[in-house]
2 protein chains.
Amino acid sequence: MAERLDRRQARTKQLLRKALLEIIAEKGVDGITVTDISNRADVNRGTFYLHYQDAPDMLRQIMNEIIMSLFALMQEMDPVVMRQYAVKDIPYPNLVRLLTEFANNADFLKVMLGPKGDPSFAQQIMTEFTSRISNRLAYWQPSDENMLIPRDYLIAYISSANFGVVKYWLETDIKLTPEEVTLILMRVSNLGPMSMTGLPNKNLIDTAKSSDVHGTP
Amino acid sequence: MAERLDRRQARTKQLLRKALLEIIAEKGVDGITVTDISNRADVNRGTFYLHYQDAPDMLRQIMNEIIMSLFALMQEMDPVVMRQYAVKDIPYPNLVRLLTEFANNADFLKVMLGPKGDPSFAQQIMTEFTSRISNRLAYWQPSDENMLIPRDYLIAYISSANFGVVKYWLETDIKLTPEEVTLILMRVSNLGPMSMTGLPNKNLIDTAKSSDVHGTP
DNA sequence: TTATTAATCAACATCATGTTCATTAACGAA
DNA sequence: TTCGTTAATGAACATGATGTTGATTAATAA
């Protein structure tokens, strides 16, 4: 393991980190320069290279820290337990915790997931969403027989939707509480977006079944 | 309007464009250099600056061309007509046309909307999706009274989902036809993702109505 | 054919990069 | 407190892409 105890190392690393986050929040992720970071941190430029290979390397490390904290919380979620909360319309605590962690890093995440951010970062989180949704779906509907659209497209739909809601929450400066967003995600996941309008749901399933859109030859 | 007829100008602009698209397809959008583009196009580096300010400027112009072609087709879509096709479970021709245009630029779009792409490009398209969905929703449900979740969050959910399906289609190298994807989007839009599983839809609306997640004070 | 103008070529100053090395000073352990 | 270790500094350097300029060549349109 890494034994970094020297105050000097910890200090400069802290200064560099703070500077990078400030720069990202101001100018986005493009055109970040080592000179900028070290100037802002009041650290010699050469010192930067004592800690990181280059600017992208530093960004990658900080991204990983946050990714890991999010993934750990995602793995705490249990589809069965979540369903139990869903039927009672009560916010699932583990999902609340996950969204709270998003909120804790809101400044960073808002930029990184926005138009000046890093799409590879967004994709890492999206991939994890997809994986979780895939498991959940495999639990509730293991068979492909009755599916009206290909399974992978349904997974893409649902996971994009959920991720999109979280992104929107961050874009709008987390105006709602984690509990409120949890309830939104749970309701729309269980009832579907059309039910959210409160309008009566016309049944088109029978007509839909008549043709085949599956890729199964 | 611009009168560019000179063969020489058209030729070099064509060469530069081809080179840029090749480089993007290979290395993504980051670290694109004027030297690379002009070398690949077999054009003097100075000549590049006769046509574009710099590399980002060129990318922006090409992005705009494609954005415009997509937006034009998006505006052809009519929620009422689409609904008529939806109840018959027949692909809405104008949506097929839109997806065909996506397919025509699949190489470029796959990269630009992927992890090595430009998130501001993705956001421009996403914003247009959001606008279209917002109009559609305002038509079917103009009142906020019965909504189970805030309207803006529902819009974010649906538009992210639709955009996500299109992105997934491109990621997977457009294995399905535009007609097939059209049918997927129409079915899931009208029936909701849960219905796509073919499972019976448990009614949780009454319990959901008991608490309030709206931000309306 | 001729005047126009796009494209080329070479040269230039500028700037961030990544590296090196001698020097300074903060650090932890005895 | 002392002392050996090591992190940080500052200056210098070669490199490579940038954006610009001016003279020259060659393709173009009329």
Side-chain angles (χ1 to χ4, degrees), chain A residues 1-65 111 116-118 120, chain B residues 1-65 111 116-118 120:
Chain A
M1 288 279 119
E3 292 192 26
R4 59 169 71 95
L5 293 180
D6 198 313
R7 296 179 196 168
R8 290 171 294 179
Q9 293 191 55
R11 191 185 109 93
T12 57
K13 210 152 194 178
Q14 187 62 31
L15 289 172
L16 289 174
R17 183 195 166 95
K18 180 160 171 285
L20 177 63
L21 293 182
E22 284 177 14
I23 293 173
I24 286 178
E26 288 171 14
K27 306 194 291 188
V29 83
D30 263 350
I32 292 179
T33 163
V34 175
T35 306
D36 277 349
I37 300 174
S38 41
N39 277 348
R40 165 97 54 153
D42 261 315
V43 159
N44 188 278
R45 190 167 63 84
T47 307
F48 177 94
Y49 293 100
L50 263 36
H51 293 267
Y52 304 99
Q53 287 193 352
D54 50 23
D57 176 54
M58 180 180 178
L59 183 57
R60 214 176 311 121
Q61 289 192 30
I62 293 188
M63 273 169 25
N64 269 357
E65 288 176 30
V111 179
K116 290 183 176 180
D118 180 348
S120 82
Chain B
M1 286 282 121
E3 293 191 25
R4 60 169 71 97
L5 293 181
D6 197 312
R7 297 179 196 168
R8 291 172 293 180
Q9 292 190 57
R11 191 185 111 92
T12 56
K13 211 152 192 177
Q14 187 62 30
L15 288 173
L16 289 174
R17 182 194 166 95
K18 181 160 171 285
L20 178 63
L21 293 182
E22 284 177 13
I23 291 174
I24 286 179
E26 288 172 13
K27 307 193 292 188
V29 83
D30 263 350
I32 292 180
T33 163
V34 176
T35 306
D36 277 350
I37 301 174
S38 41
N39 277 349
R40 165 97 54 152
D42 261 315
V43 158
N44 189 278
R45 189 167 64 86
T47 307
F48 177 95
Y49 293 100
L50 262 39
H51 294 267
Y52 303 100
Q53 287 193 352
D54 51 21
D57 175 55
M58 179 180 180
L59 183 57
R60 213 176 312 119
Q61 289 192 31
I62 293 189
M63 272 170 25
N64 269 357
E65 288 176 29
V111 178
K116 290 182 175 179
D118 181 347
S120 81

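Labels below follow one simple rule: chain letters A, B, ... track the order of the sequence lines, proteins then strands, and each chain is numbered from 1.
Taking the side chain as every heavy atom from C-beta outward, I62(A) and L20(A) approach each other to under 4.5 Å. For the pair D30(B)/D118(B), no side-chain contact is recorded, criterion being any heavy-atom separation below 4.5 Å from C-beta on. Side-chain contact check for H51(A) versus T12(A): some heavy-atom pair is nearer than 4.5 Å.
Remark: P of dT20(C) and CG of L50(A) are 12 Å apart, rounded to the nearest angstrom. Distance CZ (R45(A)) to P (dA12(D)): 14 Å, rounded to an integer number of Å. For R7(B) and dA29(D), the CZ to P distance is 5 Å, given to the nearest whole Å. Per the geometry, OH belonging to Y52(B) stands 19 Å off C1' belonging to dT18(D), to the nearest Å. With rounding to whole Å, D57(A) atom CG is found 11 Å from dG18(C) atom P. Between Y49(B) atom OH and dA6(C) atom C1' there is a gap of 18 Å when expressed in whole angstrom units. The CG atom of D6(B) sits 14 Å away from the C1' atom of dA3(C) (whole-angstrom rounding). In this entry the distance linking CD of Q9(B) with P of dT28(D) reads 12 Å, nearest Å.
Taken from CD1 in I23(B) to CD1 in I37(B), the straight-line distance is 5.5 Å, to the nearest 0.5 Å.
For dA27(D), the base has a donor-acceptor partner in the side chain of R8(B) [N/O atoms by modelled type, under 3.5 angstrom].
Looking at residues 22-44 of chain B, you'll see T33(B), V34(B), T35(B) sit with a heavy atom under 4.0 Å from some atom of DNA chain D.
One end of the helix from dT1(C)-dA30(D) to dA30(C)-dT1(D) points its axis 40° away from the other end's axis, with each axis taken from 5 pairs and the angle rounded to 10°.
Between D36(B) and K27(B), at least one side-chain nitrogen of the basic residue sits less than 4.0 Å from a carboxylate oxygen of the acidic one, meeting the salt-bridge criterion. Salt bridge annotation for E26(A)-R40(A): present, with a cationic side-chain nitrogen under 4.0 angstrom from a carboxylate oxygen.
Side-chain N/O atoms of H51(B) include none lying less than 4.0 angstrom from OP1 or OP2 on dA6(C).
Remark: the backbone N or O of V43(A) is not paired with any side-chain donor or acceptor of T47(A) at under 3.5 angstrom.
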For this session: Run the numbers on E65(A) and R17(A) for salt bridge (Lys or Arg N to Asp or Glu O under 4.0 Å), then give the verdict.
Result: CA-CA 12 Å; E65(A) 288 176 30; R17(A) 183 195 166 95; 2.6 Å; yes
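Sorted by first then second residue, the ring pair (Phe, Tyr, Trp, His ring centres under 6.0 Å) pairs that include residues 20-50 of chain B, not counting sequence neighbours, are F48(B)-Y52(B).
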